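Letters A, B, ... mirror the listed sequences (proteins, then strands); counts begin at 1. What you are looking at is a predicted structure, and each value in this text was computed from that prediction instead of being measured.
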Amino acid sequence: MSYALIDGNCFYVSCERVFNSKLEGKPVVVLSNNDGCVITRSSEAKLLGVKMGVPWYQLKDFAKKHRLIAKSSNYALYGDMSARMMSVLSSFSPDQEIYSIDECFLGMQGFANYDLTDYGQAIKKKVKQWIGLPVCVGFGSTKTLAKFANNTAKKRPEFRGVCNLGQLSATELNELLASTDVRDVWGIGYQWSKRLNAIGIATAKDLRDADPATLRRKFSVVVERTVLELRGVACLAFDEVAPPKKQIIFSRTFGEYISSLSELEEAVTAYTANAAVKLRRQDSVAGLIQVSLRTNPFREDQPQHQPHLGLQLVVPSSDTRVLVEMALHALRRMFKNGYAYQKAAVMLMDISQDTATQATLFSCETGNPALMKTMDKINTRWGKGTVKLAAEGVDQYWQMRREMISPSYTTSWNGLPVAR
DNA sequence: TCTGGGGTCCTAGGACCC
DNA sequence: TCTGGGGTCCTAGGACCC
C-alpha cells in the first residue's frame, strides 16, 4: 500500500491570486481573523524574511517599505476553493482522506503498474488547469513518508513538485532524510525536537534509525509510531469518512473590547448559534456547554480576567435556544464589571449522535428539532444570517475587523468577478 | 509500630496538527 | 491601539470501588 499527499502551495495566497492576478509574483501574506497575525506567506514574502505568526501591526511599516501586500482571511472563498480542489483530486483515486482545508491523502492501492511520478505530474497539472491552484504531490508507503515526500517536493525544485519515494534508491532516500531537520517530520513539534536534539537525534534519518522502544519510554507512543512510520510500517489509519467531532468550538476575538454584559450576551448568543449549526450539521447533540471569556493577556498593565464555566445539560440537545439559555446562564455567573474583554468562546462537549439520546423520566425540554432544521435550511438557501435569534443583536459592533478582505468571488452574487 | 492491591473513570495539562 | 481559530491524542494523577 502506498499513499499520496497533495498539498496546496501557500493555499490562502494562491486562492487570492486566482481572482486577482496583480498578486502574482509579489510578496503577499494572508492574515488571521481580526487582521491579527500572518498565517500564510507567498514564497516572495518568505524570501523577504516575513515569519509565520508575526502580528500584522508590527509589520505595517515593513510592508510599506517592501511593498508587501496583506489580505484579510476570507474563509468563504478558501472553503469553496478547497471543495473544488478536493473534488478534482477525488477523481484520481477511489480512496481519499481530506486532512485539512488544503491537503488530502489518496490511497494508491492498485496503482502498482503506474509510474507514480508521471501520475503526480498529471494531478498537479489538472488542479492547476481546472482550479487555478498550484499543488505539490508526495508518494510514500506510509502517511508520514508521503508527508515527507511532499515536503521534499516543495523544498527541492529539481523534483518539479512531485516526489515519489518508491522511485529512489536507498542511498538517495538516506541522503534526503539526513538533510531534513527532525523538526520537519510530521508529528515532531518544537518541544520534542528540542529534546530529541539533546539526545543526539537531529535529522529525519537519525529519528528513523533510533530505537522505537527507547523513544516510547522517553517520550510517548506517538513518537514511537513516527519512527515506525518512517521505516515504512503503517501505524496511522486512513479515514475516508471524517468521524464526527467530539468537541465543537466557536471562538472569536472581538473587533473592539467589550465591557458591558449586554454586548457580551449578544456575542455569546451569536457564537452559540454558530456552534449549534456545526453541531446539527453532523447530526449530533451536546451534553455540556462551556463558555469562556478573556481579557487581552498581552496588556499586562490592565486587570486580567479569564473565567470559564461549563454547564451540563439535563438532556443533550442541539437546539439553539436551549443551548443559548445555558450559555447565557454561564456567562452571567462569570461576568465581572470593570474588565475590557477581548475574546469569548463557546465550546460544545459530551457530543453524541442525536439518535442515541436517552430520554429522561420526566421528559424535559429538549428543544424543537423540526424548527432548527427549517432554520438551517433557510440559512443554507438564502445565506447565513437570514434567520437568527433576535438576541444575537443587529449592530454587532463586536464583529471582527477585516479591513483588507477580498470579495467572496465564488459564494456571493455581490462578489462575482466581472468579465470585461 | 503496623495501614493492600487492582481496576475504572474522570480531569487537567501537555504535546501535536493545520 | 493592534498578537487567530479549531481540533486530536496521550499521560499522569486523583477519586472511587471492591
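When rounded to the nearest whole Å, the span between CE of A/M400 and P of C/dG4 equals 13 Å. Nucleotide B/dC17 holds its C1' atom 15 Å from the CD1 atom of A/I39, rounded to whole Å. At whole-Å resolution of the value, CG in A/N296 and P in C/dC2 are 6 Å apart. Across the protein-nucleic acid pair, A/F254 atom CZ and C/dT1 atom P stand 21 Å apart, rounded to whole Å. Atom pair A/D35:CG and C/dG4:C1' shows a separation of 11 Å (rounding to whole Å applied). Rounded to a whole Å, the CZ atom of A/F219 is 14 Å from the P atom of C/dT11. Per the geometry, CD belonging to A/Q247 stands 9 Å off C1' belonging to C/dG6, to the nearest Å. Remark: P of C/dG4 and CG of A/N274 are 19 Å apart, rounded to the nearest angstrom.
Remark: B/dG14 base-pairs with C/dC9; criterion is Watson-Crick or G-U wobble with both hydrogen-bond distances under 3.5 Å.
Looking at heavy-atom distances under 4.0 Å, A/K245 makes contact with sugar-phosphate atoms alone, never a base. Within 4.0 Å (heavy atoms only), A/R216 reaches no atom of the nucleic acid at all. Across all strands, A/I188 comes closer than 4.0 Å only to sugar-phosphate atoms, never to a base (heavy-atom distances). At a threshold of 4.0 angstrom between heavy atoms, the contacts of A/W56 with the nucleic acid are absent. Within the nucleic acid shown, A/K147 comes within 4.0 Å of sugar-phosphate atoms alone, with no base atom in reach, counting heavy atoms only. Counting any heavy atom pair closer than 4.0 Å across all strands shown, A/L31 reaches no nucleic acid atom. A/Y99 comes within 4.0 angstrom of sugar-phosphate atoms only, judged by non-hydrogen atoms across all strands, and of no base.
Residue A/K377 places its NZ atom among 12 or fewer non-hydrogen atoms of other residues, nucleotides or ligands, all under 6.0 Å distant.
A side-chain hydrogen bond (donor to acceptor under 3.5 Å, both in side chains) with A/K384 holds for exactly one of A/N379, A/T411, A/N274; it is A/N274. The ring-ring contact (aromatic ring centres under 6.0 Å, His included) with A/W186 is formed by just one residue from the set A/Y99, A/F148, A/W192; it is A/Y99.
No donor-acceptor contact under 3.5 angstrom links the side chains of A/Q304 and A/Q302, judged on distance only.
No salt bridge links A/K205 with A/E175; every basic N to acidic carboxylate O contact stays at or beyond 4.0 Å.
One C1' atom belongs to C/dC16, the other to B/dG4, and the distance between them is 16 Å to the nearest Å.
With hydrogens and angles ignored, a donor-acceptor pair closer than 3.5 Å exists between the side chain of A/Y57 and the base of C/dT3.
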